[in-house]
Amino acid sequence: MREYEPQTIEHRWQEAWDRSGVFRCGEALPGRPRFYCLEMLPYPSGRLHMGHVRNYSIGDAVARFRRMRGEQVMHVIGWDSFGLPAENAAIQHGEDPGVWTRKNIAVMRAQLRRLGLGYDWQREISTCDPEYYRWNQWFFLRMFERGLAYRARRPLNWCDRCQTVLANEQVTDGRCWRCDGTVSKREFEQWFLRITNWAEDLLAGLDDLHAWPDKVRTMQRHWIGRSEGARVRFPVEDSSTPIEIFTTRIDTIWGATYLALAAEHPLAASLVAGRPEERAVLAFIEEQLGRGIEDRFADSAVKLGVPTGRYARNPFSGEAIPIWIANFVLMDVGTGAIMSVPAHDARDLDFARAHGLPVRQVVRPTVGIATEAGVAYTEDGSLFDSGPYSGLASAEARSQLIESARRSGFGEATVAYRLKDWGVSRQRYWGTPIPIVHCESCGLVGVPDSDLPVCLPDKAPLSGAGGSPLSQLAEFVAVACPRCGGAARRETDTMDTFVDSSWYYFRYLDPTNTAAPFDVANQNPWLPVDLYIGGIEHATMHLIYTRFWTRMMKELGLCTIDEPVRRLFTQGMVIKDGAKMSKSKGNVVDPDQMIERFGADTTRLFALFAAPPERDLDWNEAGVEGCSRFVGKVWRAFHRVRERLPAPGIPAPAVALDGPALELRRKTHRTIKKVTEDLGERMHLNTAVSSIMELNNALTPLADSEASGPAELWAVAEAIDALIRLLAPFAPHLAEELWHARGGSGFVALAPWPDASPDLLVSDTVAVVVQVNGKLRGQLTLAVGTGQEEALAAARADPRVAAHIDGKRLVRVVHVPDRLLNLVVG
RNA sequence: GCCGGAGUGGCGGAAUGGUAGACGCAGGGGACUUAAAAUCCCCUUCCCGCAAGGGAGUGCAGGUUCGAGUCCUGCCUCCGGCACCA
């Protein structure tokens with residue numbers, strides 16, 4: 001018998017698949033079911049890690065299964081190849097980002113091939129390819145034309161010493177990663193995309209994403225953060241400019257005892273101009289703005305603030321209340337100003353206590369007694385001490401107060417969202433250049449489509465200092481205005497890489513199109529993506545951006561779908577020794593070493609077997625050895641019996657198939673059913689693998705027995721021929737090898753998936769459990785369909801059951817036919 | 001703090017409200033072998049018992065149900081995410 005040598009057979013089949021184009025996916029064929037199986041495209045960081053192995057093993061198993069089921073399968077891969085690490089490598093080690101990236105891609109592509117993943121490599125894309133990113137630019141221009149891309153000033157991390165903008169990732173403990181200098185906030189003009197135009201639509205769309213995990217839908221709901229409330233303008237004493245606040249609790253407005261403004265609030269400085277409080281307020285604002293957002297959140301348990309000395313009038317009660325600047329009010333939320341009602345909001349109360357501001361209750365529970373002392377009552381209730389609104393319930397009061405404010409012109413109902421417009425500007429080199437020209441006389445001018453792509457220059461100064469790399473390249477910056485021809489300046493910001501990944505799965509469908517991002521007329525047969533597999537960490541950012549992008553493209557007439565992904569599957573992390581695998585923890589397992597030692601099939605099998613795919617997976621070598629042993633067992637059992645087996649597909653012999661042969665046949669067909677279901681909607685890949693192990697355990701004794709005659713060997717052949725195909729999605733190389741050895745034609749990857757025969761899924765008799773008062777007391781073997789009376793008689797005849805019911809009154813009998821009999825005795 | 005998820009043998013895990021612990025690992029025993037490795041077979045939740053059998057048991061405390069790992073209420077612990085959201 002030949003030894004099982006995974007390295008030899010795996011390499012051979014990988015070459016054979018490649019040569020024959022087994023996984024190529026041509027035009028969508030009419031009348032044939034299609035399946036677009038997509039995994040989140042990798043960032044080419046250097047080498048594959050086990051998270052990749054797991055992600056792509058899951059996707060490949062499903063894709064191979066669907067293909068064998070006769071569906072036309074789109075299974076593709078590419079590279080999310082722009083981004084910060086390439087630039088950091090350049091700054092730290094002087095490597096050229098493009099060279100570094102392409103080297104990494106070559107390494108990782110080879111690793112993916114060694115895993116035997118069945119991709120259509122002709123559709124491979126790389127987002128740093130000018131033929132890809134030109135379409136980022138094209139989309140950007142379409143949005144710019146429609147006002148969906150705009151400029152606004154926003155603060156960024158700024159290192160004064162390096163004279164450069166830093167990503168959050170490049171800031172540790174408020175210090176620059178390169179020079180360890182202090183990082184501050186500085187405002188810059190940047191590009192934004194109007195994702196908030198779709199806030200309501202993105203929220204509503206979640207209701208229809210039934211095949212997405214609830215947790216992701218919940219996270220997105222919170223991310224979009226819709227809240228219904230009111231805007232109310234409080235007149236400021238000795239000023240003509242009122243302060244507009246947003247509140248969801250206008251019913252508590254008679255309890256407002258101060259207004260609080262964010263440090264960034266545009267009116268903050270002017271309120272104190274020339275007043276005694278000016279110094280203190282400006283110092284506080286400067287101190288707050290100088291700190292990172294995370295910093296401000298972290299210690300915001302301490303409610304800091306300063307009084308402005310100015311007063312606003314409550315537009316309902318006419319009461320004058322002080323205006324403060326407070327650290328817990330955020331400019332991004334609502335209007336950047338709030339009315340504070342300490343009695344009915346915990347944060348307002350904290351602040352009031354810290355600064356000696358009054359607390360006044362105006363809402364009490366409708367039922368029950370007084371509110372807990374010293375705790376803000378934040379529920380709805382009924383109003384008191386609220387002028388004409390006293391006695392109303394909160395909800396009713398809200399609508400009356402809003403209506404009154406609207407009539408008087410100082411407020412109105414409004415819906416606020418937490419979702420912010422998407423800032424896409426990056427002051428970096430290794431990304432898509434934003435295709436805009438700044439002209440003194442024409443303003444912002446889009447680069448004409450005919451001039452796309454605006455290519456990244458080959459060489460840029462990448463020192464990490466002195467501003468964005470492109471702005472230091474005179475020959476890149478200097479350009480003639482496309483409109484007036486005058487001297488102008490090219491935009492030097494590049495795009496957030498989330499732009500690249502917002503539409504890449506459209507490009508796979510038409511990767512070489514030079515006239516459009518994709519074939520607008522013919523993409524739809526494949527969309528939406530049927531199954532999208534990736535990590536939970538993308539639950540909000542990427543998966544919101546791509547939903548937005550699809551809607552934006554629909555508005556542009558480029559696609560007809562609203563939602564890009566029918567089913568989302570979020571896989572768990574790969575951990576080892578209780579911690580996420582990472583270089584810093586030194587617990588990384590290298591996929592190549594695993595392949596070398598155990599083979600790709602074993603590595604893949606373990607990645608799928610060791611845990612349910614949505615849960616975290618603990619990588620442990622003993623478990624890998626277990627899978628390796630299983631693969632060897634299949635191989636040996638097959639080769640021991642191979643010569644004695646009837647040819648595949650010949651009819652069963654005339655002799656009766658009963659006893660062990662029939663039992664094996666039943667096991668075979670039950671396994672087919674189980675694996676088929678587990679690879680379908682259930683996505684229980686771990687139990688699919690265990691049931692295949694069971695089938696192998698079941699067929700081995702019959703295969704090895706000298707006593708096995710034609711009937712038994714026929715059943716063994718049937719089991720083996722099924723097992724080879726069931727194994728093909730999980731251990732594809734081994735399956736090809738055995739398929740070939742059995743004389744199968746073509747590739748098992750293209751062989752039809754086995755069918756479970758319904759009459760072998762049932763048997764004549766069935767085990768029925770007998771309980772007495774819910775406790776297991778016996779087991780009966782009864783004919784299928786045995787009625788309650790007969791089952792009861794059989795149960796009474798069982799001595800063990802009898803011992804528990806004798807002398808007692810039978811109160812009730814629960815009979816679940818063919819399953820269970822529960823005797824309730826008193 | 002808020003949101004989400006998870007707690008089942010020594011371990012990873014299985015189980016549509018119907019036999020808790022499939023499958024695998026680890027451990028124990030046996031076969032084969034001069035021997036070892038590999039391989040094959042058997043046992044393996046805990047307690048009492050020679051056994052037959054009995055009792056307990058899915059983080060904790062309750063509840064619904066003939067019957068709960070599964071459903072409900074309230075807690076505890078761990079993991080992940082985050083946004084003081086007005």
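Hydrogens, waters and symmetry mates are skipped; everything else that's a heavy atom, side chains included, is used. Residue numbers start from 1 in every chain, and the chains themselves are labelled A, B, ... in the order their sequence lines are given, proteins ahead of strands.
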Undergrad: Report which part of the nucleic acid Val816(A) touches: base, sugar-phosphate, or nothing (heavy-atom distance under 4.0 Å, all strands).
TA: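 If one applies the 4.0 Å heavy-atom cut-off, Val816(A) turns out to touch a base.
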Undergrad: On the nucleotide rA56(B), are OP1 or OP2 found under 4.0 Å from the side-chain N or O atoms that Lys775(A) carries?
TA: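 Yes.
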Undergrad: Among rU39(B), rC25(B), rA86(B), which is the nearest nucleotide to the side chain of Ala622(A)?
TA: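 Nearest nucleotide to the side chain: rC25(B).
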Undergrad: In whole Å, I'd like the distance from the CE atom of Met541(A) to the P atom of rA83(B).
TA: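 After rounding, the gap between these two atoms is 9 Å.
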Undergrad: Would you say His684(A) places a side-chain N or O within less than 4.0 Å of OP1 or OP2 belonging to rA15(B)?
TA: yes
Undergrad: Can you check whether Trp619(A) and Phe606(A) have ring centres sitting under 6.0 Å from each other?
TA: yes
Undergrad: So, is Arg777(A) close to the rG55(B) phosphate, meaning a side-chain N or O under 4.0 Å from OP1 or OP2?
TA: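 Indeed, a polar side-chain atom of Arg777(A) lies that close.
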Undergrad: Is it true that a side-chain atom of Thr218(A) and a backbone atom of Asp214(A) form a donor plus acceptor pair closer than 3.5 Å?
TA: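 Present.
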Undergrad: Rounded off to whole Å, could you give me the CD1-to-C1' distance for the Ile544(A) and rG81(B) pair?
TA: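 Taking CD1 of Ile544(A) and C1' of rG81(B), I get 14 Å after rounding.
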Undergrad: Could you check which nucleotide pairs with rA6(B) in any of the strands shown, counting Watson-Crick or G-U wobble with both distances under 3.5 Å?
TA: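 Looking at the geometry, rA6(B) pairs with rU77(B).
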Undergrad: Given that Gly623(A) and Arg347(A) both sit by RNA chain B, which one's nearest nucleotide is further toward the 5' end?
TA: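 Whichever sits nearer the 5' end wins; that is Gly623(A).
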Undergrad: Rounded to the Å, how far apart are Phe630(A) CZ and rG12(B) C1'?
TA: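 Value for this atom pair: 17 Å.
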Undergrad: Using a 6.0 Å distance limit plus a 45 degree cone around the ring axis, check whether Arg418(A) lies over the aromatic ring of Trp223(A).
TA: yes
Undergrad: Paired with rG18(B) by Watson-Crick or G-U wobble geometry, both distances under 3.5 Å: which nucleotide is it?
TA: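 rG18(B) is paired, partner rC66(B).
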Undergrad: Classify Arg682(A) by what it touches in the nucleic acid, base, sugar-phosphate, or nothing, heavy-atom distance under 4.0 Å.
TA: sugar-phosphate
Undergrad: Let's test this: given Watson-Crick or G-U wobble pairing with both distances under 3.5 Å, identify the partner of rA38(B).
TA: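 rA38(B) is paired with nothing.
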Undergrad: CG of Leu776(A) versus P of rG55(B): gap in Å, rounded?
TA: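 Rounded to whole Å, this separation is 11 Å.
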Undergrad: Which of these nucleotides, rG67(B), rA86(B), rA56(B), is closest to any side-chain atom of Phe246(A)?
TA: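 The answer is rA86(B).
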Undergrad: Rounded to the Å, how far apart are His804(A) NE2 and rG55(B) C1'?
TA: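 So the two atoms are 11 Å apart, to the nearest Å.
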Undergrad: Please produce a list of atom pairs where a protein N or O lies less than 3.5 Å from an N or O of nucleotides 21-23 of chain B.
TA:
from: rA22(B); atom 1: O2'; to: Glu694(A); atom 2: OE2; distance (Å): 3.2

Undergrad: Which part of the nucleic acid, if any, lies within reach of Gln771(A) when heavy atoms closer than 4.0 Å are counted: base, sugar-phosphate only, or nothing?
TA: base
Undergrad: Counting N and O atoms only, with roles assigned by atom type, does the side chain of Thr570(A) sit under 3.5 Å from a partner on the main chain of Gly535(A), one being a donor and the other an acceptor?
TA: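 Not at all, since once roles are kept as given, no pair shorter than 3.5 Å links the two residues.
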Undergrad: Give me the distance, rounded to whole Å, that separates rG21(B) from rG9(B) when you measure between the C1' atoms they each carry.
TA: 7 Å
Undergrad: With a cut-off of less than 4.0 Å, is there a side-chain N or O of Arg812(A) near OP1 or OP2 of rC66(B)?
TA: yes
Undergrad: At under 4.0 Å between heavy atoms, what does His344(A) touch on the DNA or RNA strands: base, sugar-phosphate, or nothing?
TA: nothing
Undergrad: Would you find a donor on one side and an acceptor on the other, under 3.5 Å apart, between the side chain of Thr252(A) and the backbone of Arg249(A)?
TA: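 Here the side-chain-to-backbone pair exists.
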Undergrad: So what does Asp345(A) hit on the nucleic acid, given a heavy-atom distance under 4.0 Å: a base, only sugar-phosphate, or nothing?
TA: nothing
Undergrad: From NE2 of His815(A) over to P of rU19(B), roughly how many Å is that when rounded to an integer?
TA: 14 Å
Undergrad: For the residue pair Arg615(A) / Gln571(A), report whether a side-chain donor-acceptor contact shorter than 3.5 Å exists.
TA: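 Result is no, nothing qualifies.
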Undergrad: Mind checking the P distance from rG74(B) to rC2(B)? Whole angstroms is fine.
TA: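 Those two atoms are separated by 14 Å.
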Undergrad: If I pick the P atom on rG10(B) and the same atom on rU58(B), what distance separates them, to the nearest angstrom?
TA: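 To the nearest whole Å, 13 Å.
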Undergrad: Expressed as a whole number of Å, how far does the C1' atom of rG54(B) sit from that of rC3(B)?
TA: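 It comes out at 47 Å once rounded to the nearest Å.
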Undergrad: Charged N to carboxylate O under 4.0 angstrom, Glu412(A) versus Arg233(A)?
TA: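 Yes, Glu412(A) and Arg233(A) are salt-bridged.
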Undergrad: Since syn is defined as within 90° of 0, does rG57(B) count as syn or as anti?
TA: anti
Undergrad: Mind checking if Gly225(A) touches a base, just sugar-phosphate, or nothing, with heavy atoms under 4.0 Å?
TA: nothing
Undergrad: Nucleotides 1-11 of chain B: which of its N/O atoms have a protein N/O under 3.5 Å away?
TA:
from: rC3(B); atom 1: O2'; to: His222(A); atom 2: ND1; distance (Å): 3.1

Undergrad: Check Glu677(A) with Lys673(A), please: is the shortest side-chain N to carboxylate O separation under 4.0 Å?
TA: yes
Undergrad: When the ring planes of Phe316(A) and Phe410(A) are compared, do they come out parallel, tilted or perpendicular, using 30° and 60° as the limits?
TA: perpendicular
Undergrad: Given atom CD of Gln788(A) and atom C1' of rC66(B), what is their separation to the nearest angstrom?
TA: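 Nearest whole value for this atom pair: 12 Å.
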Undergrad: Taking the six-membered ring for Trp, are Tyr258(A) and Phe351(A) closer than 6.0 Å centroid to centroid?
TA: yes
Undergrad: If the C1' atom of rC25(B) is compared with that of rC32(B), how far apart are they to the nearest Å?
TA: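 That atom pair is separated by 24 Å.
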Undergrad: Given the C1' atoms of rA86(B) and rG17(B), what is the spacing between them in whole Å?
TA: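 Per the computed distance, 44 Å lies between those C1' atoms.
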Undergrad: Could you tell me the Watson-Crick or G-U partner of rC23(B), where both distances fall under 3.5 Å? Say none if there is no partner.
TA: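 Per the H-bond distance test, rG12(B).
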Undergrad: Applying the Watson-Crick and G-U wobble criteria at under 3.5 Å, what pairs with rU33(B)? Answer none if nothing qualifies.
TA: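 Pairing partner, where one exists within any strand: none, as none qualifies.
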Undergrad: Using a 4.0 Å heavy-atom cut-off, does Arg226(A) contact any base of the nucleic acid, only the sugar-phosphate backbone, or nothing at all?
TA: nothing
Undergrad: Between Ile338(A), Ile243(A), Ile285(A), which is the residue that forms a side-chain contact (heavy atoms from CB on, under 4.5 Å) with Leu261(A)?
TA: Ile243(A)
Undergrad: Tell me which of Glu228(A) and Arg221(A) sits closer to the 5' end of RNA chain B, going by the nucleotide each one is nearest to.
TA: Arg221(A)
Undergrad: What integer distance in Å separates Trp619(A):CH2 from rG13(B):P?
TA: 14 Å
Undergrad: Indicate yes or no: does Arg398(A) engage Asp380(A) in a salt bridge with an N to O separation below 4.0 Å.
TA: yes
Undergrad: On a whole-Å scale, what distance lies between the C1' atoms belonging to rG53(B) and rA14(B)?
TA: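 Pairwise C1' distance, rG53(B) against rA14(B), rounds to 27 Å.
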Undergrad: Could I get the full list of ring pair (Phe, Tyr, Trp, His ring centres under 6.0 Å) partners for Phe569(A), not counting sequence neighbours?
TA: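 If we apply the ring pair (Phe, Tyr, Trp, His ring centres under 6.0 Å) test to Phe569(A), skipping adjacent residues, there are no hits.
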Undergrad: Between rC25(B), rA86(B), rU19(B), which nucleotide gets closest to the side-chain atoms of Arg629(A)?
TA: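 Side chain of Arg629(A) sits closest to rC25(B).
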Undergrad: If we take the P atom in both rC79(B) and rG67(B), what is their distance in whole Å?
TA: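 37 Å, rounded to whole Å.
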